[in-house]
Amino acid sequence: MSKYVKDLVTNHVAAQLDGVQDALLVDMVGMTANETNQLRGELEEKGVSLMVVKNTLARRAFEKTSLGPLFTTIGGSSAMCWGCEDIVSLTKIVCGLAADKRYADKFVVKCGVMDKERLEADQVKAVSTWPSRTEQLGMLVGQILGPGANLAAAMLGPGSTIAGQLKTKAGDEADADSAE
């Protein structure tokens, strides 16, 4: 490949992933064309993009970006996965498919990058166990609203008990007046 063509491909790859901050590098060696198409379809349904890249061209394209650490020590063929609302959701989807028996030993997570820091395969699997952004927001809302709900219940509990007792007492007095 000539230098001109390499520059064209490098610029195209860099432009296609412009703005991507977090990504995973996976190995797809040994997959048949049908398995690859099925995998790509499943990833696309979940909002994950997959692109097979040549390591040397990708290294040149991303050396000055947040994705640069992905290609520092990688050899062999690789494919990049990116997308989803956050890196945790991405790792959950990719690690889930890597554990799927249909793709076992053929679709393997090599590494990832999160906040400009390189993650090894075991770190990527650890990130996949974290709560996603949506789950974290739900937990935060629960923590914010929880004390207020407890306070309201504590204030309403004794008040409703007193109101019930007054209603019973008023009912007893009304019955006594009507009996006379």
Side-chain angles (χ1 to χ4, degrees), residues 1-140:
M1 194 180 316
S2 71
K3 182 169 174 68
Y4 177 73
V5 173
K6 286 181 183 178
D7 288 340
L8 284 176
V9 172
T10 300
N11 292 337
H12 174 71
V13 169
Q16 192 171 6
L17 285 133
D18 186 38
V20 174
Q21 300 295 317
D22 305 315
L24 299 177
L25 212 57
V26 295
D27 188 6
M28 298 174 49
V29 174
M31 292 183 76
T32 65
N34 288 338
E35 289 172 333
T36 302
N37 285 337
Q38 184 177 6
L39 175 67
R40 285 179 184 267
E42 288 183 41
L43 288 171
E44 188 177 326
E45 285 176 10
K46 297 174 181 175
V48 177
S49 300
L50 178 80
M51 177 174 59
V52 176
V53 293
K54 185 171 179 175
N55 291 331
T56 54
L57 294 178
R59 189 176 294 122
R60 287 177 54 196
F62 302 122
E63 67 186 348
K64 295 177 183 168
T65 68
S66 63
L67 299 177
L70 274 178
F71 300 95
T72 55
T73 60
I74 291 297
S77 66
S78 300
M80 282 184 64
C81 293
W82 73 94
C84 293
E85 65 179 12
D86 60 0
I87 185 69
V88 176
S89 300
L90 176 64
T91 59
K92 285 180 188 249
I93 291 169
V94 172
C95 288
L97 287 172
D100 192 332
K101 65 181 179 181
R102 296 174 294 168
Y103 309 117
D105 300 327
K106 297 177 185 176
F107 184 66
V108 179
V109 178
K110 286 183 171 182
C111 62
V113 66
M114 177 176 70
D115 296 331
K116 300 180 183 179
E117 294 292 324
R118 183 183 167 92
L119 301 173
E120 296 304 325
D122 57 336
Q123 293 171 316
V124 171
K125 289 178 184 172
V127 169
S128 72
T129 63
W130 295 356
S132 69
R133 182 178 188 278
T134 306
E135 293 167 341
Q136 289 176 0
L137 289 174
M139 291 170 24
L140 181 63

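The structure presented is a predicted model; accordingly, all values stated were derived computationally and were not measured. Both backbone and side-chain heavy atoms feed into the values below; hydrogens, waters and symmetry mates do not.
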Heavy-atom closest pair (Phe107 atom, Val26 atom, distance to 0.1 Å) is CE1-CG2, 3.6 Å
Roughly how far, to the nearest 0.5 Å, is the CG atom of Leu24 from the CE atom of Met114?
-> 10.5 Å
Got Val53 and Phe71 here, is their nearest side-chain heavy-atom distance under 4.5 Å?
-> yes
Is there a donor in the side chain of Ser132 and an acceptor in the side chain of Lys92, or the other way round, less than 3.5 Å apart?
-> no
State, to 0.1 Å, how close Thr91 and Val88 come at their nearest heavy-atom pair, and which atoms those are.
-> OG1-O, 2.8 Å
SG of Cys81 to CG of Leu39, rounded to nearest 0.5 Å, is 7.5 Å
Got a second to check how far Leu43's CG is from Ile93's CD1, nearest 0.5 Å?
-> 8.0 Å
Between Asp27 (side chain) and Val29 (backbone), is there a donor-acceptor pair under 3.5 Å?
-> yes
So, do Leu90 and Val48 sit near enough that their side-chain heavy atoms are less than 4.5 Å apart?
-> yes
Any side-chain heavy atom of Phe62 sitting closer than 4.5 Å to one from Leu70?
-> no
Carefully, step by step, assess Leu57 and Lys6 under the rule side-chain contact (heavy atoms from CB on, under 4.5 Å).
-> CA-CA 7 Å; Leu57 294 178; Lys6 286 181 183 178; 3.9 Å; yes
Check Val109, Val94, Val113 against Val124 for a side-chain contact (heavy atoms from CB on, under 4.5 Å) and give me the one that passes.
-> Val109
So, Asp7 versus Thr10: side-chain donor-acceptor pair below 3.5 Å or not?
-> no
Side-chain heavy-atom pair Cys111, Arg118 within 4.5 angstrom cut-off = yes
Heavy-atom count around Asp122 CG within 6.0 Å, excluding the residue itself: above 12?
-> yes
From Leu119 CG over to Lys125 NZ, what is the distance, rounded to the nearest 0.5 angstrom?
-> 13.5 Å
What distance do Gln123 atom CD and Ser128 atom OG have between them, rounded to the nearest 0.5 Å?
-> 12.0 Å
Side-chain heavy atoms of Gln38 within contact of Arg102, under 4.5 Å | yes
Taking the side chain as every heavy atom from C-beta outward, state whether Leu25 and Met80 have any pair of such atoms under 4.5 Å apart.
-> yes
Looking only at non-hydrogen atoms, find the nearest pair between Ala23 and Leu67 and report the distance.
-> CB-CD2, 3.8 Å
Atom pairs and distances, side-chain donor-acceptor, residues 14-21, under 3.5 Å, sequence neighbours left out:
unit_1: Gln21; atom_1: OE1; unit_2: Ser66; atom_2: OG; d: 3.3

Any side-chain heavy atom of Met28 sitting closer than 4.5 Å to one from Leu50?
-> yes
Kindly write out the residues that satisfy side-chain contact (heavy atoms from CB on, under 4.5 Å) with Lys106, not counting sequence neighbours, or none if the list is empty.
-> Met31, Glu35
Gap between atom CD of Glu42 and atom CG of Asp100 - 0.5 Å precision | 6.5 Å
Working for side-chain contact (heavy atoms from CB on, under 4.5 Å), residues Lys54 and Val9 | CA-CA 10 Å; Lys54 185 171 179 175; Val9 172; over 6 Å; no
